Amino acid sequence: MTASVGAARASVRRRRRSSAVVLLVALAATGVLWAAFAPRGTAQDTADANEAVRAGRALYLQGCSSCHGVNAQGGNQAPSLVGVGSAAVDFQVGTGRMPLAAPGAQAKRKDPIYDQTQIDQLAAYVGSLGGGPKKPVITSAALDDADLAHGGELYRANCAQCHQATGAGAPLTYGKYAPDLGKATPTQIVEAMRTGPESMPVFGPGQIDNADATAIAKYVRHLSEAPSAGGDALGKYGPVPEGLLAWLVGIGGLLAVCLWIGARQKV
Ligand code: HEC
Ligand code: HEC
């Protein structure tokens, strides 16, 4: 009798203990699942992004709205910025082209008047208006991995007709010019391709994918950083100044020697 009561109590205890184990396992599983699938940090990220857009709009109203319109809709002074994307803003403001001081034939590269945080805020505001290419992210690892020789082939096929084989730039029609590429950063080089400033054509990702664009950026940096193999590059203007130098120094020098010999013989 006592033995069977004891056995019944023991089985109740076992059952209680096993349901506690099941409960614990279930709780732990829920925790693991939650950790795996819970949306991470979204609330904070959205708040940060909203803050950047707000700060960017304030900067925009102060520095850009007089030409581009209060809502970036454009006007008779400047084009609309709706849909140009954060890449265009990062390029235009990062290269100091914007804010445009005075309307001219072409916006020039200058020292930027905004710092990178402010540029990112302006880009976030214009980006929030929708559409357009996003500011590219080019890591130094991606640059290291990029194929320099392939970048050179693509550069000669797509860019050299305007910017010259050496990247020194050249005049175009109507007072416009393709600028020297010596100061552009890899990010700015890809941004120029993606946004096509002024009379430069757009090279979209369908035409030149991100890996190829990085390779071109690597090659353009290589053009201005690599030491010149043939001594002084004479401004990299190509055969004309080199020929001129040969004429002046070479033939001029020979003439000087002839005159010197002639002068000596008379004595
Ligand atoms: C004095 C007038 C003026 C001011 C101020 C100005 N812009 Fe512009 N902006 C222009 C004109 C004109 C163009 C078109 C010509 C060009 O691209 O050089 C332009 C072009 C642009 C473009 C290129 C649009 C495209 O289609 O790719 C961007 C981006 C831009 N501006 C951003 C800004 C930002 C941001 C500011 C403020 C920091 C600013 N601009 C201030 C006149 C102005
Ligand atoms: C049809 C002529 C043309 C072609 C082709 C062209 N560009 Fe340009 N590029 C321009 C012009 C014009 C500008 C100046 C735009 C401005 O000032 O708003 C420019 C500006 C740039 C800049 C900005 C330079 C700086 O220091 O601010 C970069 C970088 C650039 N181009 C890279 C390229 C690359 C890379 C290619 C080839 C994939 C290319 N371009 C093809 C005409 C051209």
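We count ligands from 1, going down the list as the structure has it; atoms in each ligand are counted the same way. It should be emphasised that the depicted structure is a prediction, and the values quoted were computed from it without experimental measurement. Any value given below was found using the heavy atoms of this structure, including those in side chains, with hydrogens, waters and symmetry copies removed.
- Using a 4.0 Å heavy-atom cutoff, F91 is listed among the residues neighbouring ligand 2.
- Listing protein N, O or S atoms at distances below 2.8 Å from atom 8 (Fe) of ligand 2, with waters left out, gives H163 NE2, M200 SD.
- Around NZ of K176, the count of heavy atoms belonging to other residues, nucleotides or ligands within 6.0 Å exceeds 12.
- Close N/O approach between Q106 and ligand 2 is found [any backbone or side-chain N/O within under 3.5 Å].
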Pairs under 3.5 angstrom only: tabulate donor-acceptor contacts from the side chains of residues 62-69 to other protein residues two or more places apart or in another chain.
{"unit_1": "S65", "atom_1": "OG", "unit_2": "L61", "atom_2": "O", "d": "2.6"}
{"unit_1": "H68", "atom_1": "ND1", "unit_2": "P79", "atom_2": "O", "d": "2.8"}

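- At least one heavy atom of V93 sits less than 4.0 Å from an atom of ligand 1.
- Contact annotation for V220 and ligand 2: no heavy atom of the residue comes within less than 4.0 Å of the ligand.
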Query raised in the report: Should R109 and Q188 be marked as a side chain to side chain donor-acceptor pair (under 3.5 Å) after you check the CA-CA gap, both sets of side-chain angles, and the distance that decides it?
Result: CA-CA 12 Å; R109 188 184 175 107; Q188 289 167 353; 3.2 Å; yes

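- Ligand 2 lies within reach of I189, whose nearest heavy atom is under 4.0 Å from it.
- For the side-chain contact (heavy atoms from CB on, under 4.5 Å) test, residues two or more places apart in sequence or in another chain that qualify with L100 are M98, A107.
- Excluding waters, the count of protein N/O/S atoms less than 2.8 Å from atom 8 (Fe) of ligand 1 comes to 2.
- Nearest-heavy-atom check against atom 18 (O) of ligand 2 across Q188, K176, E198 picks out E198.
- Put simply, the residue from V202, I189, N210 that forms a side-chain contact (heavy atoms from CB on, under 4.5 Å) with R194 is N210.
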